[in-house]
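See structure below.
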Amino acid sequence: MSDELREIDAAAIEELSRIKDEQQVLEQRLARMEEEKANVSELVYERVRRDYVRRSADLEERARPLKEEARAQYRKLRSVGRQAEQDADQARLDKEEVELRHRLGEIDDETFKERLGACEEELGERQARLRDVEELRERFLAVFRSPEELEAPAHDEPPEDEAPPDLLPDAEPEEFLDTDATTLKVEEETVLRGDTAPVEAAPVEAAPVDTVRAAAPPPADSEATMLLKGPRLVIHRGDSLEELRLGPEPITVGRAVKNAVRFLSTSVSRHHARIIVGDSGYMVRDLGSGNGTLVNSEPVTGDRQLRDGDVIQVGSEVLVYRDR
């Protein structure tokens, strides 16, 4: 193995391999739960499923910084790989040139044999280096769900004109954009009429018209836990659950204020995913997020049809789609 390859740290992918094994065990248990659903009460089913989903999310959170480190090391590997390919191509060209000069009579047999041997030795070494690069590349790929996830940006950077979430004031700029124009118009009319009492502006709808958020749920272990029926998202926020009933309007998920489902985690993009309704039911679509959207641990490409019990993962956050 070359010195450049020895400088690539594979510690992150070794730990990611262990985490992936644990995730696969949880995924298998979640799949088996569907077979047991008819044999247990809905409350117990939801409690156990929530535990597995939370543990899966915890594993994903552990994996996130390791994936960032693995991507950084993989970028080094790609650079080494490109150089190795160029070196191998050059060695093949050198060998081809020697063979041509020999056929043209420029190089005698004895000189040709000597120079051809040197070229073949050089080509063999460079091809061996390429194989080492490919073997290490396969180790990186094995701990990611797809080549696209491995080659994705390490994290989602906010635009230059936007402060990161922890630097935003309590009343966020996007909320001001919704209300300032109405407030200024009302205040202007008040001054023109000479009224002494202020006129209150009409409240601005913050959530989609057809979206009804459930009341705050009781404690998770309460036997009185009430679950909404019909199409809905079960939002996991730490140890608590929140339910959002779905209507005909699209539902967006992300870090920005105007999303119907908002998470503050930096692993979630400002506009991460959208839930839409089609002829065959509800679907989820990734909006070009930095860390991708998963359904039952599978990356979402295009529109992914949702079925009851599907686990949707945006960054390190988790939602569950239910329709009964």
Side-chain angles (χ1 to χ4, degrees), residues 46 50 53-54 57 60 156 158-159 162-166 168-182 202-217 226-296 300 302-324:
E46 289 292 341
R50 185 178 61 182
V53 169
R54 182 172 56 242
E60 190 62 34
D156 182 52
E162 178 194 345
D166 56 340
L168 291 174
D170 292 338
E172 305 201 24
E174 290 178 271
E175 294 175 336
F176 294 146
L177 290 174
D178 288 339
T179 59
D180 281 354
T182 304
V204 177
E205 290 286 345
V209 174
D210 293 295
T211 299
V212 181
R213 193 174 293 276
M226 299 296 292
L227 299 175
L228 292 175
K229 299 298 181 182
R232 63 199 185 277
L233 293 176
V234 181
I235 307 162
H236 291 247
R237 298 189 186 277
D239 292 330
S240 64
L241 294 179
E242 182 181 343
E243 294 196 343
L244 182 66
R245 189 176 293 124
L246 298 174
E249 296 296 325
I251 295 296
T252 56
V253 181
R255 206 175 63 233
V257 172
K258 288 190 176 181
N259 291 288
V261 180
R262 188 188 183 201
F263 293 109
L264 297 181
S265 170
T266 55
S267 67
V268 178
S269 298
R270 293 185 69 251
H271 304 287
H272 198 110
R274 179 176 290 126
I275 309 296
I276 57 177
V277 64
D279 294 338
S280 57
Y282 286 92
M283 297 174 286
V284 61
R285 176 188 301 164
D286 184 74
L287 299 178
S289 62
N291 289 317
T293 301
L294 309 177
V295 173
N296 301 331
V300 171
D303 292 339
R304 167 68 181 261
Q305 187 74 43
L306 291 173
R307 295 178 175 80
D308 184 62
D310 279 349
V311 178
I312 306 167
Q313 189 169 323
V314 293
S316 61
E317 305 292 349
V318 171
L319 311 94
V320 178
Y321 172 75
R322 304 310 303 253
D323 58 17
R324 57 177 179 268

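Numbers here are sequence positions counted from 1. In what follows, every heavy atom counts, from backbone to side chain, and hydrogens, waters and symmetry copies are set aside.
Once rounded to the nearest 0.5 Å, the distance linking CG of Leu306 with CG of Leu319 reads 10.0 Å. The OG1 atom of Thr252 sits 12.0 Å away from the NE2 atom of His272 when rounded to the nearest 0.5 Å. Between atom CG of residue Leu246 and atom CZ of residue Arg322 there is a gap of 13.0 Å, rounded to the nearest 0.5 Å. One distance of note links CG of Asp308 with CZ of Arg232; it measures 7.5 Å at 0.5 Å rounding. One finds the CG atom of Leu264 at 8.0 Å from the CZ atom of Arg237 (value rounded to the nearest 0.5 Å).
Considering all non-hydrogen atoms of both residues, Ser289 and Asp286 come closest at OG-OD1, 2.6 Å. In this structure, Asn259 and Arg270 approach most closely via the heavy-atom pair ND2-O, 2.9 Å. Residue Pro248 comes nearest to Tyr282 through the heavy atom pair N-OH, 4.3 Å, listed as atom of the first residue, atom of the second, then distance. Shortest non-hydrogen contact noted between Pro250 and Ile276 is CB-CG2, 4.1 Å. The heavy-atom pair separating Arg262 from Arg255 by the smallest distance is NE-O, 2.9 Å. Smallest separation of non-hydrogen atoms from Leu287 and His271: CB-O, 3.4 Å.
Paired with Val261 under the rule side-chain contact (heavy atoms from CB on, under 4.5 Å), one option of Val268, Ile275, Val253 passes, and it is Val253. Each of Val314, Ile312, Thr293 was evaluated against Val300; a single residue qualifies, Thr293, per the side-chain contact (heavy atoms from CB on, under 4.5 Å) test.
Remark: the backbone N or O of Val311 is paired with a side-chain donor or acceptor of Asn296 at under 3.5 angstrom. Checked by atom type and distance alone, the side chain of Gln313 pairs as donor or acceptor with a backbone atom of Gly315 at under 3.5 Å. Formation of a donor-acceptor pair under 3.5 Å by the Ser316 side chain with backbone atoms of Glu60 is not found in this model. Checking side-chain atoms of Gln305 against main-chain N and O of Ser280 turns up a donor-acceptor pair under 3.5 Å. A distance-only check finds no donor-acceptor pair linking the side chain of Asp310 to the backbone of Tyr321 [under 3.5 Å].
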Apply side-chain contact (heavy atoms from CB on, under 4.5 Å) to the pair Arg54 and Val318, showing each step before the final yes or no.
-> CA-CA 8 Å; Arg54 182 172 56 242; Val318 171; over 6 Å; no
Dump the intermediate steps for side-chain contact (heavy atoms from CB on, under 4.5 Å) on Leu233 and Glu243, then the final yes or no.
-> CA-CA 6 Å; Leu233 293 176; Glu243 294 196 343; over 6 Å; no
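Heavy-atom contacts from other residues, nucleotides or ligands closer than 6.0 Å to CZ of Arg274 number 12 or fewer.
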